[in-house]
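Just so it is clear, the model here is predicted, and its values are computed rather than measured. By convention in this document, chain letters (A, B, ...) are assigned in the order of the sequence lines, proteins followed by strands, and residues within each chain are numbered from 1.
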Protein chains: 2
Amino acid sequence: MSTVEKISFGQYIRELRENANLPLRRVASELDIDTSTLSKIEKNERNANEQIIDGISKIFHIEKSELKLRYLSDKITYQLLDEDNGLEILKVAEEKIKYQRQQNKK
Amino acid sequence: MSTVEKISFGQYIRELRENANLPLRRVASELDIDTSTLSKIEKNERNANEQIIDGISKIFHIEKSELKLRYLSDKITYQLLDEDNGLEILKVAEEKIKYQRQQNKK
DNA sequence: ACTATTTTGGACAAATAATGCCAAAACAAA
DNA sequence: TTTGTTTTGGCATTATTTGTCCAAAATAGT
């Protein structure tokens, strides 16, 4: 059973780190950020960014697309969770993306 | 033909205003913001916010849910347009929202 | 072309958010 | 409990965003 929809980005990268038995200190220094910042990212109290996703990808050998999938789907979920037409908004976004891509081909 | 996926939030509210034959000056003053700010929102160079969406809803008698649909789907589209797995990300976000709502019911 | 009005772009100030620092809390090993 | 280490929370600093003001550009009416 896939768990991608059940765990947050923060939980996911915390598990990666704990499975590798590394303290925040080590991973944060690799990422060139403060331990405190990484701690907050793992607790979903801070946003990650390209640089951090890139670094995590390298440290744990996870595809960037996998990390971005988890990160961005989390963000979008958070943006829409309180909208009563959240799922409809997603559908329209899907149509917009398809439309835009179609246009850009020309 | 529906155009919701073809026009941006900014274009949409500009059309509302132009169809009503109102200058930026009038609408902006109703919304209690600068004309310049409204101009930028119509050109998608600035974000709208709750207060503005609320005001537009009242001025033009458009459902808030309709405006939010257009506004948020635009933002999400913009966030994902450059991701090659953008559509997959949407699918996962959909599953996450459903999962979260299921959880919250309990 | 001239004038009046609307719209836009840029400079600046205020508000908001991100980040790092550091001390305290939590945890582990003895 | 004591010592050593990891993790967290709060605060100060920095960066980003947002909004206003104002002058210039664009548009409309005569």
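When the C1' atom of D/dC21 is taken as reference, atom CG of B/Leu38 falls 16 Å away, rounded to whole Å. For the pair B/Asp32 CG and D/dT18 P, the computed distance is 18 Å after rounding to whole Å. Rounded to a whole Å, the CG atom of A/Leu24 is 19 Å from the P atom of C/dA25. Atom C1' of nucleotide C/dT5 and atom CZ of B/Arg17 are separated by 13 Å, given to the nearest angstrom. Between the P atom of C/dT7 and the CG atom of B/Leu22 lies a distance of 10 Å, rounded to the nearest Å. Rounded to an integer number of Å, the gap from CG of A/Asp34 to P of D/dG10 is 16 Å. Taking atom CD1 of residue A/Ile41 and atom P of nucleotide D/dG9, one finds them 15 Å apart after rounding to whole Å. Between the P atom of D/dT20 and the CD atom of B/Glu45 lies a distance of 16 Å, rounded to the nearest Å.
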- [ ] Output, in order, the C-alpha distance, side-chain angles, deciding distance and verdict of side-chain contact (heavy atoms from CB on, under 4.5 Å) for B/Ser36 and B/Lys40.
- [x] CA-CA 6 Å; B/Ser36 171; B/Lys40 284 160 193 161; 3.1 Å; yes
TODO: Apply salt bridge (Lys or Arg N to Asp or Glu O under 4.0 Å) to A/Asp54 and A/Lys58, showing your working.
DONE: CA-CA 6 Å; A/Asp54 230 72; A/Lys58 294 206 176 74; 2.9 Å; yes
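Checking A/Asn44 against A/Ser8 by side-chain atom types alone, a donor-acceptor pair falls below 3.5 Å.
Once rounded to the nearest 0.5 Å, the distance linking CG of B/Leu80 with CD1 of B/Ile89 reads 5.5 Å.
B/Arg26 comes within 4.0 angstrom of no nucleic acid atom, judged by non-hydrogen atoms across all strands.
The existence of a salt bridge linking A/Glu30 and A/Arg26 is excluded, since no basic side-chain nitrogen approaches an acidic carboxylate oxygen closer than 4.0 Å.
Interface remark: the B/Lys40 side chain does form a donor-acceptor pair with the C/dG10 base, using a distance-only criterion of under 3.5 Å. No hydrogens or angles were tested; on distance alone, a donor-acceptor pair under 3.5 Å links the side chain of B/Ser36 to the base of C/dG9.
When distances are taken from the side chain of A/Thr37 to each of C/dG20, C/dT8, D/dT20, the shortest belongs to C/dG20. Relative to the side chain of B/Lys43, the nucleotides C/dG9, D/dT7, C/dG20 differ in distance, and C/dG9 lies closest. For A/Asn47, the side-chain atoms get nearest to C/dA18 when compared with the rest of C/dA18, C/dG20, C/dT7. Comparing D/dT7, C/dC21, C/dT6 against the side chain of B/Pro23 picks out C/dT6 as the nearest. The nucleotide whose nearest atom lies closest to any side-chain atom of B/Ser39 is, among D/dC21, D/dT8, C/dT7, C/dT7.
Proximity of A/Arg25 to the phosphate of D/dG4: no side-chain N or O atom is located under 4.0 Å from OP1 or OP2. Note on A/Arg14: every side-chain N or O is 4.0 Å or more away from OP1 and OP2 of D/dT6.
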